[in-house]
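We name chains A, B, ... by the order of the sequence lines, and we start the count at 1 in each one.
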Amino acid sequence: MGKSALFNRLTNMNVSVANYTGTTVEFAACDIDIEGRRVELIDVPGTYTLDSANEAEKVAVDMLHEKPDAVICTLDANNLEPSLYLLLQILEYRIPTVAVVNRWDLARRKGLYLDLDGLSHSLSIPVVPTIAVENQGLVELRRQLGRFLEDVSAGAEPPELTPDERWQLIDDLLGSLVRDDGLRSAEGDSWGAKLVRPWPGIPLALAVITAMFAVVIGLGMGLRQVLLLPLFRGVVQPAIISIVDSLVPPGIIHRILIGEYGFLIKGIEWPFTLVFPYVFSFYLALSFLEDTGYLPRLGVLLDGVLQKIGLQGSSMIPLLLGYGCGIPGILATRTLGSRKERLLVSTLICLAVPCISQTGAFISLLSAHSVGLLVSTFLVSVVALIASGLVLDRFMADSRSFTLMEVPDLLLPKPGILAKKVWVRLRNYVFDGAVPMFWAIGVAAVLYESGLMAYWGQLIAPIVTGWLNLPEAAAVPLALGILRRELTVLPLLDMNLSTLQLFTGAIVALFYVPCIAMVGTLSREFKLGIALAILGFTTFAALFLGGLAAQIGLLLGF
Amino acid sequence: MLNARAADWMSLPRGADTGPRMSMAPLQALRVGEQGQIVAADGVLQSTSLGIRPGKHFRVQTIQLMGGPYVLSIDSRLIAVPRELAAKIKVQRTGDACETIVPAAGS
């Protein structure tokens, strides 16, 4: 309902925002200046009530127990009832509270009018209307906060109420303070309802998914072929080579810099021309869908199917985020109701959901050779997702939790907010993805040129050449893959592999270990043992299934 | 002062206790397009915050395929209710159209 949007406006930070419940799963803090006073503002995950139902909501409730000096409670102007319930619960903590009534514009459009002064008087707290995404009401909010912080004792002490009494109070407040002109079935809402019905919802869902694929692959490929590759091959690469040639005499250092694994070449070409275009196109498409409020609809439509593999509609968003990067995917599982589901979805993300870097690498490796190969690799990933869901569902203890899900209003994304979101995600990719990739390739270059990689290659030759039927050099991606997922794929590019070898390499890469950052996230979110178990499980699955593909392919005479 | 009026207001829609008893049923028994009023939703986590509490009017917007959830419109919100929970929610069918409900879109 806009807590994070409001937080971003007040702090100039870029916490992620989207049009569905549970976008924020951890808290973010920032020092800001309110009317000359330095305060620390903390953004917490949303919650319907203070009886937290999942781990994300627990963060918010815990924060309240830390006794903050003041609370800004964000109410949704189009959905006042639950917002007021939470507000009343917070007021009982006797912490000075300001109520912000956000999404004021949407309420107006629906014909809802709220008597803000009346609300302020009834509850004896300041009430400020805002439209956070349009930066409206923020000046007034700062002013109110400033005045409020001068005298934080403001506000009456409300009695503790039972839930029923709270609802009575809310009904009464709404009855006397809200005027409803009944314009609710606006155009957007009627589509909002249509899209969640099997007809025409399911055909349209297929169309949306297809369109998303088309945008990600089409736009990504176009960007790469037309802009980035010519730019790199034509301008950047020759420049780097001539600079290095003039400064470094031929020898091992020269080869480390611009040789076969030359990290000034591959370390820039791979992250920025092969992977970056898909990161851009994926996050453009995903961010757009996030802001429309379509994703929860997709979850509801596919809930029945997902249940067959132990998941629920609510698992949809973590999985989709996982196709971008596993880490936000795993963090987003905090909104799921049970630990079993969290673990199941996280394992699936590690095993069978390639991140966008890896997908970009797959496209680079396979599409030039044959599109069929690319399609079959993705089919294998989907089959693996379903199969492992079925198997894991059986083996994991703990009962499933059923949760109600709110389907948000359908909104047209605001270009400014969308652009900012994509920008933040690209920046994250550069700093958390491309830079580590650059250094990992640097390490590889050193290992390769120093001959240590050849030693490693001989060590695991029985697996690589014997079982997987790949050249000995394919030991390199198996080592690098631990650092970054796409590096299980990219080194295969220059190895002149046969079709079968490409497929084998792709299968191994698909299931191979989650990158080191994901293992870190897993051990933080669950525990080290679970992270190591997933590590072992994925490695085994990768080598076993990759080898199986290779051996069967050989038998069939490929 | 608020609660006195609140009590008046609240005594009306508590469907189960007032007026002639109409057919009481679990939510699961309703079909798409049917309207009703919530009677009880005990043991359903977060139900009240999502508008599923006694007295609330709703309409069954759709029921998903393959055992997927019920989608109700309550006030102006759409709430997906898994079937397992739909069995726990007791409702009363209301025959006539009710003003607090979003007109069914597209049907």
Side-chain angles (χ1 to χ4, degrees), chain A residues 47-49 51 53 78-79 81-82 85-86 110 112 122 163-173 175-176 180 182 184-185 189-194 196-202 296-297 299-308 312-314 337 400-409, chain B residues 1-14 32-33 41 43-56 59 61-89 99-107:
Chain A
T47 181
Y48 287 115
T49 70
D51 323 311
N78 335 227
N79 227 335
E81 217 185 78
Y85 188 84
L86 179 66
K110 287 183 181 176
L112 288 169
S122 304
D164 280 344
E165 287 169 339
R166 260 182 233 131
W167 287 119
Q168 274 191 20
L169 182 60
I170 289 165
D171 280 334
D172 189 72
L173 281 172
S176 59
D180 184 350
R184 284 173 179 181
S185 59
D189 279 335
S190 80
W191 269 102
K194 264 183 210 163
V196 84
R197 299 201 183 119
W199 173 261
I202 286 178
R297 287 178 168 76
V300 169
L301 285 169
L302 297 181
D303 183 88
V305 183
L306 289 171
Q307 275 193 32
K308 306 280 181 283
Q312 283 186 62
S314 48
R400 191 182 302 172
S401 74
F402 295 100
T403 46
L404 299 167
M405 217 167 116
E406 184 168 3
V407 182
D409 289 344
Chain B
M1 76 146 197
L2 284 166
N3 278 332
R5 276 204 297 136
D8 275 348
W9 203 86
M10 285 302 291
S11 62
L12 281 172
R14 298 245 169 197
V32 175
V44 180
L45 209 61
Q46 306 232 309
S47 56
T48 48
S49 301
L50 288 161
I52 299 180
R53 55 195 178 89
K56 281 280 183 180
R59 180 191 176 96
Q61 280 286 345
T62 181
I63 301 172
Q64 300 297 333
L65 307 176
M66 298 184 71
Y70 279 58
V71 179
L72 309 183
S73 54
I74 304 177
D75 294 338
S76 61
R77 313 159 83 183
L78 291 173
I79 307 293
V81 184
R83 287 192 198 200
E84 289 73 9
L85 297 182
K88 290 188 185 175
I89 298 174
E99 329 143 74
T100 57
I101 294 170
V102 191
S107 62

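- With a 4.5 Å cut-off on non-hydrogen atoms, B:L65 touches chain A through its backbone and its side chain both.
- Of the possible polar contacts, one joining the A:R297 side chain to the A:G192 backbone as a donor-acceptor pair under 3.5 Å is found.
- Between B:R53 and A:E81 there is a salt bridge, with a side-chain nitrogen of the basic residue lying less than 4.0 Å from a carboxylate oxygen of the acidic one.
- Neither the backbone nor the side chain of A:I170 comes within less than 4.5 Å of any heavy atom of chain B.
- In terms of non-hydrogen atom pairs under 4.5 Å with chain A, the most contact-rich of B:G68, B:A80, B:P82 is B:A80.
- Side-chain contact between A:D303 and A:Q312: present, with at least one pair of heavy atoms (C-beta onward) separated by less than 4.5 Å.
- Using a 4.5 Å cut-off between heavy atoms, B:I52 contacts chain A through its side chain alone, with no backbone atom that close.
- Both the backbone and the side chain of B:I79 come within contact range of chain A, with heavy atoms under 4.5 Å apart.
- Remark: side-chain polar atoms of B:R59 are not paired, donor with acceptor, to backbone N or O of B:L72 under 3.5 angstrom.
- A donor-acceptor contact shorter than 3.5 Å is absent between the side chain of A:E406 and the backbone of A:P296.
- B:V71 touches chain A through its side chain: at least one heavy atom from C-beta onward sits under 4.5 Å away, while N, CA, C and O do not.
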